[in-house]
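Reading through the structure tokens given below for one structure.
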Amino acid sequence: MAYVLGVPLYANTAPLHRFLEADGFLLRHGVPAELNRMVLSGEVGLSLVSSYFYLKHQDVLGLLPDFSVAVLGRVYSVNLFHKVPLEALKQVALTTESATSVELLKLLLREKGLTPSYAQVEGGLQLLERYDGVLLIGDRAIKAYASLLPELPETPHVLPTRFGGVEVVDLSALWFQRTHLPFVFAVWAYRKENPPPKALVQALRRARREGLGRLKEVAEAEGKRLDVNPALLQHYLWNFRYHLEEPDRLGLKAFAEALGLPFQPTYYPASA
């Protein structure tokens, strides 16, 4: 029976899988919340999963030691869009796609002494008609941000965060202000009794190398898919850290500690 690989089809994962040669393996696509469940149930062998989900289930999940979807500073695709000052938030609409971003938002607001009510609902910026703020992630957040941005500045590293009556809070930027560490949004995980074949892990490494080496090509394809300026997509993608290096591991450990969870990862063998 073919081993199943789970891949969320977001722009920020495209450099990892666009050039993947997965002969002999099955691919399953879905949003993080769906893939999280499939890994735990065994429907999927190896998948990118939300970091919060991994931390909650690390007793049964193993981890690829050199893969992550992480950012140091602004991420641009995990955003709280709000129309009132943060201190005045009363009702916040939450994404239904990923638990990590939801838990990060609640943690950051709680540390500011803020406890708005939350509702998980589908939608985009139109939810600001009914809620004080809306948390969007992934492609939906990028498209929402791009719709507010009239044009890409010559210095894209200083992209604006206020658009008329709407302000954009980047959760990864807030995390960096708090910790001076990267925030790890996703990791490759598998049930410990069902590790991925060595050939699949090696194929993923080759695909990542190719994707990062051809980032402009990836950005152009994703920009076309999302109808977003490819220059904005390229700026977005080159911010990511895809190798779970020591700073990323420290960031993941800090997130676990902030949530009162242990951090005792079981890594896939380094020799594989």
Side-chain angles (χ1 to χ4, degrees), residues 8-15 18 29-34 50 69 71 73-86 88-102 104-105 108-109 116 118-176 183 185-186 215-240:
L9 293 180
Y10 288 146
N12 60 16
T13 66
R18 181 167 181 80
H29 302 301
V31 299
E34 295 170 335
S50 303
V69 178
V71 170
R74 292 179 69 179
V75 65
Y76 302 103
S77 60
V78 180
N79 294 328
L80 175 66
F81 297 85
H82 59 102
K83 61 185 181 181
V84 301
L86 280 181
L89 286 174
K90 293 182 178 178
Q91 292 184 308
V92 176
L94 300 175
T95 176
T96 59
E97 296 179 37
S98 172
T100 294
S101 304
V102 169
L104 179 59
L105 174 65
L108 294 171
L109 292 185
Y118 298 100
Q120 286 201 312
V121 290
E122 290 281 353
L125 287 181
Q126 75 275 11
L127 291 171
L128 287 176
E129 297 174 7
R130 294 188 289 148
Y131 296 89
D132 300 320
V134 55
L135 174 66
L136 300 178
I137 72 160
D139 293 350
R140 191 170 295 195
I142 280 290
K143 292 188 71 171
Y145 185 84
S147 72
L148 297 172
L149 188 69
E151 61 183 15
L152 190 66
E154 291 185 17
T155 52
H157 63 282
V158 288
L159 290 171
T161 58
R162 182 180 291 277
F163 303 90
V166 177
E167 189 166 354
V168 184
V169 172
D170 188 305
L171 299 195
S172 183
L174 287 186
W175 174 259
F176 177 73
F183 189 83
F185 288 96
L215 199 60
K216 182 178 180 181
E217 183 180 337
V218 174
E220 287 173 347
E222 290 302 300
K224 183 177 181 180
R225 179 177 70 85
L226 296 175
D227 193 23
V228 170
N229 185 334
L232 176 62
L233 259 295
Q234 188 171 3
H235 172 74
Y236 166 60
L237 291 176
W238 73 41
N239 277 335
F240 280 92

Under the side-chain hydrogen bond (donor to acceptor under 3.5 Å, both in side chains) test, residues paired with Tyr10 that sit two or more places apart: Glu97
Residues, nucleotides or ligands: over 12 heavy atoms within 6.0 Å of Glu129 CD: no
Side-chain donor/acceptor of Asn229 to backbone N/O of Ala231, under 3.5 Å: yes
Results of side chain to side chain contact (heavy atoms under 4.5 Å, CB included) for Pro230 - residues two or more places apart only: Glu220
Partner residues of Phe176 under the ring pair (Phe, Tyr, Trp, His ring centres under 6.0 Å) criterion, sequence neighbours left out: His180
Using atom types as modelled, flag every donor-acceptor pair under 3.5 Å from a side chain in residues 136-143 to any protein atom, sequence neighbours excluded.
{"from": "Asp139", "atom 1": "OD1", "to": "Ala11", "atom 2": "N", "distance (Å)": "2.9"}
{"from": "Asp139", "atom 1": "OD2", "to": "Arg225", "atom 2": "NH1", "distance (Å)": "3.2"}
{"from": "Asp139", "atom 1": "OD2", "to": "Arg225", "atom 2": "NH2", "distance (Å)": "2.8"}
{"from": "Arg140", "atom 1": "NH1", "to": "Glu122", "atom 2": "OE1", "distance (Å)": "3.3"}
{"from": "Arg140", "atom 1": "NH1", "to": "Gly123", "atom 2": "O", "distance (Å)": "3.0"}

Partners meeting side-chain hydrogen bond (donor to acceptor under 3.5 Å, both in side chains) with Thr95 (sequence neighbours left out): none
Separation between OG of Ser50 and CG of Leu104, rounded to the nearest 0.5 Å: 12.0 Å
Within-4.5 Å side-chain heavy-atom neighbours: Leu125 and Ser147: yes
Pairs where residues 227-236 contributes a residue and the test salt bridge (charged side-chain N to carboxylate O under 4.0 Å, His left out) is met, not counting sequence neighbours: none
Side chain to side chain contact (heavy atoms under 4.5 Å, CB included) involving Ala221 - partner list, sequence neighbours excluded: Arg18
Any donor-acceptor pair under 3.5 Å from Thr13 side chain to Pro8 backbone: yes
Nearest atoms (heavy-atom pairs only) where Leu215 meets Pro15: CD1-CG, 3.9 Å
Option from Leu80, Leu94, Leu135 for which side-chain contact (heavy atoms from CB on, under 4.5 Å) with Ser101 holds: Leu135
Side-chain heavy atoms of Gln91 within contact of Asp132, under 4.5 Å: yes
Backbone of Val31 reached by a side-chain donor or acceptor of Glu34 within 3.5 Å: yes
Minimum heavy-atom distance between Arg74 and Thr161, given as atom pair plus value: NH2-CG2, 3.7 Å
Phe183: partners by ring pair (Phe, Tyr, Trp, His ring centres under 6.0 Å), with sequence neighbours left out: Trp175, Phe185, Phe255
Step-by-step side-chain contact (heavy atoms from CB on, under 4.5 Å) determination, Leu89 to Leu86: CA-CA 5 Å; Leu89 286 174; Leu86 280 181; 3.7 Å; yes
Which residues share a side-chain hydrogen bond (donor to acceptor under 3.5 Å, both in side chains) with Asn12, sequence neighbours left out: Tyr236
Listing, residues 162-174 side-chain donor-acceptor contacts under 3.5 Å, not counting sequence neighbours, or none:
{"from": "Arg162", "atom 1": "NH2", "to": "Glu167", "atom 2": "OE1", "distance (Å)": "2.7"}
{"from": "Asp170", "atom 1": "OD1", "to": "Val75", "atom 2": "N", "distance (Å)": "3.3"}
{"from": "Asp170", "atom 1": "OD1", "to": "Ser172", "atom 2": "N", "distance (Å)": "3.0"}
{"from": "Asp170", "atom 1": "OD1", "to": "Ala173", "atom 2": "N", "distance (Å)": "3.2"}
{"from": "Asp170", "atom 1": "OD2", "to": "Val75", "atom 2": "N", "distance (Å)": "2.9"}
{"from": "Asp170", "atom 1": "OD2", "to": "Tyr76", "atom 2": "N", "distance (Å)": "2.7"}
{"from": "Ser172", "atom 1": "OG", "to": "Gly73", "atom 2": "O", "distance (Å)": "2.5"}

Set of residues satisfying side chain to side chain contact (heavy atoms under 4.5 Å, CB included) with respect to Ala93, sequence neighbours excluded: Val121, Leu127, Tyr131, Val134
With Glu217 via salt bridge (Lys or Arg N to Asp or Glu O under 4.0 Å) - residues at least two apart: Arg214
